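These notes are about the structure you will find just below.
All values derive from a computational prediction rather than experimental measurement. In what follows, chains are A, B, ... by sequence order, proteins preceding strands, each numbered from 1.
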Amino acid sequence: MAPNVVPMDYTKDPDVKLPMQLIINMPELKENPFRERIVESFSEDGEGNLSFNDFVDMFSVLSEMAPRELKAIYAFKIYDFNTDNFICKADLENTLNKLTREELTAEESVLVCEKVIEEADMDGDGKLGFSDFENMISKAPDFLSTFHIRI
Amino acid sequence: MAMEVEEGSAAESEENDKTEENKTDGDDEGDQKPDPVHRVPRKRPQRIRVGLESDSDEEVGKSRKNRANQKSKEEGGEDGEDEEKGGKKGRGKNDKKNDKKGKKEKANKKKKDKKKSGSGSDSDSEEEPITEEELAKLKEEVEEKKKLIATLRNKPWKMKKKLAVLKEAQLFVEKFEGALGKGKGKKFYAYKVMMMKKWLKFQRDFENFKTACIPWEFKIKEIESHFGSSVASYFIFLRWMYGVNMILFGLSFGLVMIPEALMGKPYGTLPRKTVPRAEEANAMNFATLWDFSGFAQYSVLFYGYYDNKRTIGWLKFRMPLSYFLVGVGTIGYSFMVVIRTMAKNAHDDGGGDDTSFNFSWKMFTSWDYLIGNPETADNKFASITTSFKEAIVEEQESRKEENIHLTRFLRVLANFFAFCTLAGSGYLIYFVVRRSQQFALEGMDNLGWWERNEVNMVMSLLGMFCPTLFDVISSLENYHPRIALRWQLGRIFALFLGNLYTFIIALMDDINLKLEEEKIVRYNMTIWEASLYNGTIPENATAPPIQVDPADVPRGPCWETMVGQEFVRLTVSDTVTTYITILIGDFLRAVFVRFFNYCWCWDLEYGFPSYSEFDISGNVLGLIFNQGMIWMGSFYAPCLPAINIFRLHTSMYLQCWAVMCCNVPQERVFKASRSNNFYMAMLLFILFLSTLPVVYTVVSIPPSFDCGPFSGKTRMYEVIGETLEHDFPSWFAKVFGYASNPGLILPFILLMVLGIYYLNATSKSYKEANLELKKKLQMQAEENKKRNKQKAQKTNEMEENPLDPDPPQPKPKKEETSSANQANGEAQKTTNPPQQQGPAPNGRYPSQGRGENLAPPPRVAVTRPPAPRGPDMPGHASGVPRGQPRMPMGPPR
């Protein structure tokens with residue numbers, strides 16, 4: 001991807017990281033509306049710079065073989081835009097805007113976000129914790145079929 | 001870019017290595033122990049260990065051994081760390097090689113093992129055999145490690161740590177597996193594992209192949225993304241229908257038409273296979289052929305052509321029997337496939353009817369991460385937006401309230417109008433049919449095209465315009481789109497049904513006329529034959545018959561062919577009308593609107609004509625009734641499935657094109673969630689209705705005497721009895737005779753009815769239980785909500801409290817290295833649900849596990865505050881559900 005940055009010899013375990021811009025322009029991620037979030041949540045520093053291990057990690061989680069629970073953990077990370085360990089309304093709106101390219105009107109998106117919270121929030125704190133998210137996603141019929149990338 | 005490739009491949013290879021290893025190990029385990037027991041072996045090692053420590057009897061031997069183990073473990077751990085520092089991939093492969101080698105050479109391994117243990121301990125007795133208990137213990141540990149390897153991928157750790165743990169565990173397993181003596185059938189075992197892998201891969205490939213074989217997937221996806229799921233559901237239905245017709249076509253083509261064409265007597269050898277002299281002049285005219293008379297009538301396409309010889313050709317193919325069985329099989333297969341699909345749909349509905357997460361699922365699972373094509377991505381965005389809008393519309397619909405009296409009045413009015421339309425169309429068809437009968441009595445010769453095709457045309461036209469009328473009427477009613485669709489479907493259904501049955505009744509009249517005619521012809525036949533033989537029949541009965549050109553032989557009217565022709569004509573005219581409607585109503589309108597918009601006084605695109613919407617209900621019903629005609633007609637015209645296939649194929653392309661280029665998405669998009677089964681139910685109904693006339697004609701009307709495979713019999717089904725008599729041993733016929741005795745059949749039917757009743761009752765009770773459970777779950781969830789609110793308050797108060805650590809675990813041996821320790825700790829934690837349950841700070845939805853504990857003890861008091869973790873930490877500790885091991889606090893890095 002960036003031959004000048006990555007050394008040919010990996011035996012000494014150099015501390016090389018690829019910047020996010022390079023990763024998200026991969027053909028597998030280019031069209032994904034959550035590409036920045038994916039890369040960020042897999043990077044060790046949270047900035048989106050990936051070491052080789054992070055990179056492998058990312059595709060192992062997104063591979064077909066990865067189990068549902070693991071995928072759910074990372075999906076939660078991805079949709080948690082502000083990394084506060086909760087999916088709050090702002091995160092939901094962010095997600096929605098990315099999904100629809102902001103084609104919904106403001107009222108519509110607010111309505112949708114409210115509905116999501118209402119449906120999935122089991123503990124009544126107005127945001128989705130991981131247990132809420134996991135509970136919801138574990139019943140989703142096509143989560144497994146959509147949340148993977150083939151390379 | 002070059003680097004990208006390299007990196008990608010490297011990653012892949014490593015992945016592969018890992019997966020392969022994991023797989024083998026997983027298989028290993030699967031073979032040794034069935035799944036449900038998994039929890040037990042994890043717990044055992046601890047207990048044993050504890051026991052060991054307290055027990056002093058066997059202290060000596062064990063401690064020695066243990067020490068040895070630990071030492072070697074230490075080595076292993078160091079090894080692993082070393083490796084981690086050095087290159088990873090190379091080592092990983094080496095390990096694997098070692099593993100393989102080890103598997104093959106069991107004896108060597110044992111030695112090595114012993115050597116190692118010997119070097120680890122201070123070496124007194126190398127030759128001492130391993131005791132039973134030690135063996136058991138070792139086995140447990142190996143098991144444990146293996147489990148770790150198998151489940152390693154499921155842990156949300158960073159790759160580095162995974163690699164380290166994996167290496168360590170693998171080393172361990174490799175070292176001690178040989179000692180377990182389960183290497184007896186190593187080779188065979190390896191072979192088995194390999195075959196298993198191959199088989200799995202083949203299965204996966206086959207699945208992929210099957211999905212790749214589904215036609216028009218991309219087209220439908222495209223339509224789905226632009227028009228929503230309801231329009232796509234029509235096309236999916238169309239595709240399904242195409243598949244069913246393929247089978248029907250295969251039956252009728254392969255078992256009836258091809259054998260008759262290849263092995264039967266050729267054209268012109270029999271009167272029934274020859275165009276009569278009177279029609280010969282224009283038998284090849286296009287108009288005649290288009291009407292499916294002339295040469296088309298005297299060909300394999302229709303019933304009358306088939307010979308009534310019991311066997312044909314050198315294969316001794318039982319033609320009449322095959323014809324009859326294909327007719328029965330067509331209907332039987334259709335029933336089976338429709339009912340099976342319905343059951344499957346119902347099952348799917350049952351699985352997915354949990355609509356409580358509608359919006360959340362849309363939000364979090366609708367994006368397909370596989371999409372890498374910009375165009376597809378555009379489509380996906382469009383479809384996601386559409387689906388959200390659908391959901392919002394539905395949501396708003398459910399909230400809306402309006403003036404109830406006005407709506408009621410309007411609905412009654414609308415129903416009145418609809419009824420008037422239905423009655424009018426029924427009368428029109430009745431009138432036309434009567435007129436056509438009059439024409440038929442007067443003779444067809446001096447009639448124009450219109451008079452001959454009046455019935456078909458009127459039916460097609462009615463089918464074209466009445467749905468539009470219903471559409472206008474239904475706009476009065478102001479129903480929710482999905483309910484409006486139901487009403488619309490119901491009305492059109494009634495219309496088509498009326499039309500179809502009027503048509504059938506008319507046909508029945510025709511059949512009766514033909515039967516009368518046949519009697520006369522038969523009488524004339526004998527006179528004609530007599531004249532042919534110059535009245536010398538009795539004497540010349542055995543003499544070779546006088547040669548007459550088969551075209552000159554007088555023949556009966558052959559009502560079966562007539563019926564087949566009618567159905568074929570109806571199908572063709574229906575197809576043509578549909579296509580013309582699409583071309584004029586959609587395409588020309590779209591062209592007009594598009595290009596005259598520049599020079600018109602109002603906005604055509606958004607004003608009056610505008611673009612047309614896709615009429616789902618009309619199209620679906622058209623399809624269903626068309627299929628009904630196929631089912632009714634295919635007994636008398638074996639070519640009908642072929643024609644239908646052609647029609648469906650072309651209409652797939654034409655309609656896809658028309659939809660994409662000249663229709664606009666509905667303004668009120670909505671989801672067709674269950675209408676699929678609704679279509680299916682209608683199809684089943686139509687299938688039932690269309691089998692009735694066929695069965696009636698087969699059972700109670702005598703076949704024509706001089707055409708078709710059953711000529712000469714009094715009833716068509718006699719072919720079965722004939723076959724039983726000639727082709728089966730006599731005892732079989734006897735048994736069959738007894739079995740078909742009403743005394744046996746009636747109890748059997750009674751039994752079946754009872755069975756149905758019983759099953760129905762059980763399913764009802766299950767449903768009730770289900771509902772009850774659902775209610776309970778909901779209540780529990782709400783209770784949990786309340787409780788959690790209280791808990792949240794409590795935790796706020798206790799925020800300052802120090803962390804309360806987990807209750808001390810029975811520590812594994814102290815001397816164990818940190819990594820081994822951690823791995824063991826992992827296992828322990830996963831095996832101790834209550835301890836794991838405690839620290840989850842967020843309330844857990846109780847049913848979220850595999851339904852093991854419906855009522856968890858509310859252990860609220862001691863919690864760890866949900867401290868946000870840094871993104872570099874390997875996992876979220878807060879609220880990780882059970883079954884998901886929590887992160888150990890001291891990762892070895």
Structural part of [X] lying under 4.5 Å from a heavy atom of chain B:
| X | answer |
| --- | --- |
| K71(A) | neither |
| L92(A) | both |
| L29(A) | neither |

Under the ring pair (Phe, Tyr, Trp, His ring centres under 6.0 Å) test against F133(A), which residue among F76(A), F86(A), Y74(A) passes?
F76(A)

Can you give me the closest heavy-atom contact between F381(B) and L99(A), atom names plus distance?
CD2-O, 2.9 Å

A72(A) and F130(A): which non-hydrogen atoms are nearest, and at how many Å?
O-CE1, 3.7 Å

Cut-off 4.5 Å, heavy atoms of chain A, and the answer for F364(B) is both

Count the heavy-atom pairs under 4.5 Å between each of V61(A), I78(A), V112(A), L128(A) and chain B, then report the option with the highest count.
V112(A)

Between D80(A) and T83(A), does any side-chain donor sit less than 3.5 Å from a side-chain acceptor?
no

Check ion pair R204(B)-E207(B) (N to O, under 4.0 angstrom)
no

